[in-house]
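Here is the structure we will look at, set down as structure tokens.
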Number of protein chains: 2
Amino acid sequence: MTFGAAKLSNTSAQDPRRTLTLRDVSEASGVSEMTVSRVLRNRGDVSEATRERVLQAARTLGYVPNKIAGALASQRVNLVGVVIPSLSNMVFPEVMTGISEVLEDTGLQPVVGVTNYSPDREEAVIYEMLSWRPTGLIVAGLEHSEAAQAMLAQAGVPIVEIMDIDGTPVDSAVGISHRRAGRQMAEAIIAAGYRRIAFLGTQMPNDHRARKRLEGFEEALAKAGLALADREFYSGGSALLKGREMTEAVLARNPDVDFLYYSNDMIGAGGLLYCLEKGLDVPGKIGLAGFNGVELLDGLPRRLATMDACRLEIGRRAAEIIAGKPHLGVVGGEVIELFPTLQPGDTIRH
Amino acid sequence: MTFGAAKLSNTSAQDPRRTLTLRDVSEASGVSEMTVSRVLRNRGDVSEATRERVLQAARTLGYVPNKIAGALASQRVNLVGVVIPSLSNMVFPEVMTGISEVLEDTGLQPVVGVTNYSPDREEAVIYEMLSWRPTGLIVAGLEHSEAAQAMLAQAGVPIVEIMDIDGTPVDSAVGISHRRAGRQMAEAIIAAGYRRIAFLGTQMPNDHRARKRLEGFEEALAKAGLALADREFYSGGSALLKGREMTEAVLARNPDVDFLYYSNDMIGAGGLLYCLEKGLDVPGKIGLAGFNGVELLDGLPRRLATMDACRLEIGRRAAEIIAGKPHLGVVGGEVIELFPTLQPGDTIRH
DNA sequence: GTGAAAGCGCTAACAA
DNA sequence: TTGTTAGCGCTTTCAC
């Protein structure tokens, strides 16, 4: 079978159901495939006349270019993989917003993969994404399975690990120090005069950022000669409701606790609602603080103390790193540390 | 240049930075590319001995297959596009969970695209997705630009429009009738004896589902000889806070209103918190209801009346349709209507 | 059980 | 400005 014959077997007469190819547009417009390709990509000089003819034909046929073939031929893929643990809490959607904002004008498209805080899922998602040879990869966190670590290191494209900078990135990193964030909150709490402090958080061994915040928090307590008065963990279910339940449990067990430090704003909000309902004196008798600075807090009866995790900015900076590295590949990664601001709100006395 | 020479120019000695190919694994293991490919895909019979050698070589090199080339050659792509308007509210993440659950065991991977309720963005995202020739496409809503509609109809892969069934799908659809949902809520409110009813919602001309709920709601009011006593819209910002503000505005303008119907649970929750703070008699003097059945409501001081939008189930069924259609292509679409349950909670009197 | 050849639909590079 | 040629890295098909 000759080349020509093979190509001929590809005409639209053969199978009306198959998707259109460049060749169909070429035949319909009477212009070579190459020129059609040029028109459709706005590349190179094409006369206005041919340009019009081609666009007309493409539009009439309803042609949608095959990016698979294009990517293989050009060795370029306009995709940026984003690997995150969850969409359910409010934090990652905002990171995505930052990423999308920056990528919007670059022709790059974010592609999201969710790991549910499972290292195995993460490994699988990273493998899957790299197999599409994206322009870059944004991955939440610095902790990965050994195999995942190896794949990232070998990938040959910019990798940006986000959210956290307490550790060693494979390539670039953009985030905050959660250990420091925990420390700062503890210092603020201690400075406000609270002494019998409890921690309430998620039971997620793979949420390394929450873990680091707690470590930093306890570190600062220890430095002041204090230790956690109590700790309570949960997993699954409505965070707001869990916040209530945990708070109730801690206060029942330990009525003289004077501060509740929550690993995130959602359970903190639940705790706050509970305390207000019980008529507790907040922040006089008992103080509360969360983490993330989620928008939701604006609508609560009282402003929960929190720390802004710089989510939007993290997304933006990460995307900028990917978008800004044409094909350098070799350049060493950069580490960008952002600094969250402590928002004392109305639940820490001053 | 001969074919052989061309291939030789591709050896790893050439450029240590380029990503690995099948050929590298072939050379490292001393087995033909074809057999390597078979091993890596678990296809066809391969002797245990060669199998081991190949896997060993692949692992050592850190080879990640190039799916672009694979997809082009096999005309198969294990991707399912999911086009949704937003990640910020709680509704779409749950749909994604349903989709992921079902696709997990099928080898198919969801790829998310976000439109921010913009028809133009939607058109662009659909175009982009189709250009990767996915196995199927899941799109939120039945309303699309003419061009988008045409692309979907031409796509040649199963298309599932989700969330809504009040309209004509391009192919398949899974969702609820928002018009009916609005009607049902109105009927329940009227039956409970409320008469001076206000609507509070988002100002989003492209949120067709919210619009349809309101239409159904007003339709049922009209049938009972009633009309909306007031209406208030917002856009942007913290939904919880907006819910408060809108509620305050409505009550200031119209103190004798006895029911507040919100277009979503988040603003409804804000309104509920406001009413409780003001010491209003809920549900005696004033009733409230939202829409969606979000988990967050579980943690509120009182249960807001709502309607479950069947989000998880919608995601599951949509994914099943895609996963269940091998390559039929031609078969007509199916329409699956789900029926939300009204949860009266504690904010409608009975 | 294994390998060789052909080509998926596009684009880079060069020729005209 | 336009066209021709040679692949991109894999899988299909068929031969051994």
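Here is how names work: the chains are called A, B, and so on, in the same order as the sequence lines, proteins then strands, and each is numbered from 1.
- Contact check, A:Thr35 against D:dG3: a side-chain N or O comes under 4.0 Å of OP1 or OP2.
- For the residue pair A:Ser37 and A:Arg41, a side-chain donor N or O sits within less than 3.5 Å of a side-chain acceptor on the partner.
- The nearest whole Å value for the distance from the CZ atom in B:Arg53 to the P atom in C:dG1 is 15 Å.
- Between the CG atom of B:Asn66 and the P atom of D:dG7 there is a distance of 18 Å, given to the nearest Å.
- Judged purely by distance below 3.5 Å, without hydrogens or angles, the side chains of B:Thr115 and B:Ser118 never pair a donor atom with an acceptor atom.
- Remark: A:Thr50 is in phosphate contact with D:dT2, judged by side-chain N or O atoms under 4.0 Å from OP1 or OP2.
- Taking the nucleotide of DNA chain D with the nearest heavy atom to each of B:Leu72 and A:Ser32, the more 5' of the two is matched to A:Ser32.
- How far CG of A:Asn206 is from CZ of A:Arg121: 13.5 Å, rounded to the nearest 0.5 Å.
- Among all heavy-atom pairs drawn from B:Ala140 and B:Pro85, the shortest one is CB-CD, 3.7 Å.
- Ionic pairing of B:Arg316 and B:Glu320 is not present here: no N-O contact between side-chain nitrogen and carboxylate oxygen is shorter than 4.0 angstrom.
- Rounded to a whole Å, the CH2 atom of A:Trp132 is 12 Å from the C1' atom of D:dC10.
- Residue contacts for B:Asp45: at a heavy-atom cut-off of 4.0 Å it reaches a base atom on one of the strands shown.
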Quiz item: When every nucleotide of nucleotides 11-16 of chain C is labelled 5' to 3' by its protein contacts under 4.0 Å (heavy atoms), B for base, S for sugar-phosphate only, - for none, what sequence of letters results?
Solution: BBB---
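- For the pair B:Arg51 and A:Val64, both in contact range of DNA chain C, the more 5′-proximal nearest nucleotide belongs to B:Arg51.
- One can place CD of A:Glu52 at 17 Å from C1' of D:dT1, the figure rounded to the nearest angstrom.
- Side-chain contact annotation: A:Glu128 with B:Asn78, donor-acceptor N/O pair under 3.5 Å present.
- Between the side chains of A:His144 and A:Glu123, not a single donor N or O lies within less than 3.5 Å of an accepting N or O.
- In this entry the distance linking CD of A:Glu27 with P of C:dG9 reads 13 Å, nearest Å.
- For B:Gln75, no side-chain nitrogen or oxygen approaches OP1 or OP2 of D:dC10 to under 4.0 Å.
- The CZ atom of B:Arg23 sits 14 Å away from the C1' atom of C:dG3 (whole-angstrom rounding).
- Note: CG (B:Asn42) to C1' (D:dT11) measures 15 Å, nearest angstrom.
- Distances shown here put a side-chain N or O of A:Tyr63 below 4.0 Å from the OP1 or OP2 atom of C:dC10.
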